[in-house]
Amino acid sequence: MQYKLYLILAHDKPLQLQALVNKLNDDRSIFVIHIDKDSTISSFKSMINAENVYFLEDRLSCIWGNISIVRATLLLIEFALNLGKDGHLILLSGACMPLVSNAAITSFLSANKNVNFIDIYKAEQFLDPEESSRRFFSYTTHFRPRLAVSIKPIHSISSFLYELRRVVKFVLLVLTEKRYTELVNLKEFTQKRTSFFSENYGGSQWWAFTRSTAKAILDHTKNNPEHLNQYTFTHAPDEIFFQTLVMNLPEVLKKVAFKPSLTYANWSRKGVHLPVTFKREDLNELAEAKSENYLFARKFDIGVDDFFITELPIVDHSTETIMSKPISAS
């Protein structure tokens, strides 16, 4: 049997996560969930309790834009693979929701069982030159969400003077946040950053991998820990690491086809915080995304508009039947 192994990264809003799991739950669904270490996991476990739901006990404190997101995702992959079930591993966040029914998801993935769904672009297409330089050549340290310092390699007195303002900011934040051990990284900043592969790629964080691809990723990472470590000072490595890795693994490229990500997000709307947090007034846009073969969308916020509780998935009753199996609180 082909399973849908949902890998979910979440840190807040237990009620919304419960709604997501309820909507996706059926006899072919398995949920592996990472709750941020700084969140109270009992709040989630008390609301979501079923034999096919697994909460990771090994949890990380995740900071937006930090390597911790990649490491948490790898923990999800490893746990899911150890379950020994075949099927796609589907990465979602607690802010995602399905656009189509479980029957439609199962049918689509069964028809594409040898396909990876991930947005992949060459680095120079995905990033502008300034952002590319920041991600691949600068040392970026994340202190809190949306608070980071990027320092270019310091190899001379002139480069030190050029980066002095950022170095001072780094030191002050280390002292303010009481992360004193990171002062040793000042020595690291004198080294030129290198790339594990000659070709780098990027794209959306959200993907769906075949079991064989997920295993190849995990095997490579365990056998080459220095590759993952190279992303320690990379801004938003979750948008680079997996794309670059799968495009440089021959065992993946030879066996599996690639198609775009199945998760829709709007990064183009003007005058709002991006990606767009969808509201009831966006139902037509979400219906359009569904017609373009997106199975999921993000992001949603139950505290902003809880319309998705009753309005998603968007079901065409002539062709789809919702096969959800609700999970009740323990």
Side-chain angles (χ1 to χ4, degrees), residues 3-14 16-18 20-21 24-25 29-96 141-145 177-179 181-182 205-234 236-242 245-246 298 327 329-330:
Y3 286 87
K4 298 165 292 186
L5 295 102
Y6 293 105
L7 315 182
I8 303 177
L9 295 165
H11 67 280
D12 64 358
K13 301 179 177 67
Q16 183 166 329
L17 182 61
Q18 182 191 45
L20 173 62
V21 172
L24 293 174
N25 194 32
S29 296
I30 296 174
F31 302 89
V32 184
I33 304 173
H34 178 277
I35 302 298
D36 192 288
K37 189 175 181 179
D38 297 325
S39 302
T40 304
I41 196 170
S42 59
S43 301
F44 296 85
K45 286 185 172 181
S46 65
M47 300 186 70
I48 308 168
N49 181 26
E51 292 183 355
N52 61 335
V53 176
Y54 302 89
F55 286 93
L56 295 190
E57 297 301 326
D58 185 8
R59 298 187 291 147
L60 303 178
S61 296
C62 294
I63 299 176
W64 177 88
N66 180 265
I67 186 64
S68 55
I69 303 295
V70 174
R71 294 186 185 279
T73 303
L74 290 169
L75 290 176
L76 288 169
I77 291 175
E78 182 170 21
F79 190 100
L81 290 176
N82 286 339
L83 294 176
K85 305 293 186 181
D86 198 14
H88 280 87
L89 284 71
I90 306 161
L91 182 64
L92 300 174
S93 80
C96 292
T141 303
H142 295 82
F143 291 93
R144 294 196 300 273
E177 300 293 320
K178 298 181 180 180
R179 288 164 53 172
T181 57
E182 296 194 34
Q205 175 185 358
W206 312 107
W207 42 253
F209 288 145
T210 64
R211 177 180 173 84
S212 63
T213 296
K215 185 177 185 304
I217 289 171
L218 192 64
D219 289 346
H220 171 88
T221 304
K222 287 194 169 187
N223 293 333
N224 302 276
E226 68 277 15
H227 179 207
L228 180 60
N229 290 338
Q230 283 188 333
Y231 289 85
T232 299
F233 297 102
T234 298
D238 49 303
E239 296 179 341
I240 298 172
F241 177 79
F242 293 100
L245 189 49
V246 296
R298 73 180 301 273
I327 292 176
S330 58

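Just so you know, residue 1 is the first one in the sequence shown, and it goes up from there.
Side chain of Glu177 to backbone of Phe143: no donor-acceptor contact under 3.5 angstrom is found. Between the side chain of Asp36 and the backbone N or O of Cys62 there is at least one donor-acceptor pair closer than 3.5 Å. Side-chain atoms of Ser39 come within 3.5 Å of backbone atoms of His11 as a donor-acceptor pair (strictly under, hydrogens ignored).
For the atom pair OG1 of Thr73 and CG of Leu218, the computed distance is 12.0 Å after rounding to the nearest 0.5 Å. In this structure, the separation between CG on Asn52 and CG on Asn25 is 4.5 Å, given to the nearest 0.5 Å. Going from atom CG of Asn224 over to atom CG of Leu245 covers 9.0 Å, rounded to the nearest 0.5 Å. Remark: Lys222 NZ to Leu228 CG distance equals 12.5 Å, nearest 0.5 Å. One finds the OG1 atom of Thr232 at 9.0 Å from the CD atom of Gln230 (value rounded to the nearest 0.5 Å). Taking CG from Leu56 and NZ from Lys37, the interatomic distance works out to 13.0 Å, rounded to the nearest 0.5 Å.
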Inset, instruction - Go through His142 and Ser68 one step at a time and tell me if the side chain to side chain contact (heavy atoms under 4.5 Å, CB included) criterion holds. - result: CA-CA 10 Å; His142 295 82; Ser68 55; over 6 Å; no
Legend entry - Chi angles and distances behind the salt bridge (charged side-chain N to carboxylate O under 4.0 Å, His left out) call for Arg71, Glu78: CA-CA 11 Å; Arg71 294 186 185 279; Glu78 182 170 21; over 6 Å; no
Inset, instruction - Could you give me the CA-CA distance, side-chain angles and deciding distance for Val53 and Asn49, then say whether side chain to side chain contact (heavy atoms under 4.5 Å, CB included) is met? - result: CA-CA 7 Å; Val53 176; Asn49 181 26; over 6 Å; no
Legend entry - Residues Ser42, Thr40; criterion side chain to side chain donor-acceptor pair (under 3.5 Å); working and verdict: CA-CA 6 Å; Ser42 59; Thr40 304; 5.6 Å; no
Legend entry - CA sep, side-chain torsions, deciding dist, call: Phe55, Phe44, ring-ring contact (aromatic ring centres under 6.0 Å, His included): CA-CA 9 Å; Phe55 286 93; Phe44 296 85; 7.0 Å; no
Legend entry - Full working for side chain to side chain contact (heavy atoms under 4.5 Å, CB included) between Arg144 and Ile63: CA-CA 6 Å; Arg144 294 196 300 273; Ile63 299 176; 5.7 Å; no
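Heavy atoms only, all atoms of each residue included: Leu24 and Ser29 are closest at O-OG, 2.7 Å. Closest non-hydrogen pair, Phe209 versus Ala214, comes out as CB-N, 4.4 Å. Taking every heavy atom of both residues into account, Leu60 and Ala72 meet most closely at CD1-N, 3.6 Å. Between Arg298 and Ala95 the shortest heavy-atom distance is CB-O, 3.6 Å. Closest heavy-atom contact between Leu5 and Asp86: CD1-O, 4.2 Å. The heavy-atom pair separating Arg59 from Ile35 by the smallest distance is CD-O, 2.9 Å.
Counting only heavy atoms from C-beta outward, the side chains of Leu83 and Tyr3 never approach each other to under 4.5 Å. Side-chain contact check for Leu74 versus Val70: some heavy-atom pair is nearer than 4.5 Å. Counting heavy atoms from C-beta on, the side chains of Leu17 and Ile33 come closer than 4.5 Å. Side-chain contact between Gln205 and Ser93 is absent, with no heavy atoms from C-beta onward closer than 4.5 Å. For the pair Thr213/Leu89, no side-chain contact is recorded, criterion being any heavy-atom separation below 4.5 Å from C-beta on. The closest side-chain heavy-atom distance from Ile67 to Thr234 is not below 4.5 Å.
Ring pair Phe31/Tyr6 is parallel by interplanar angle, where below 30° counts as parallel and above 60° as perpendicular. The aromatic rings of Tyr54 and Phe79 sit tilted relative to each other, their planes meeting at an angle between 30° and 60°.
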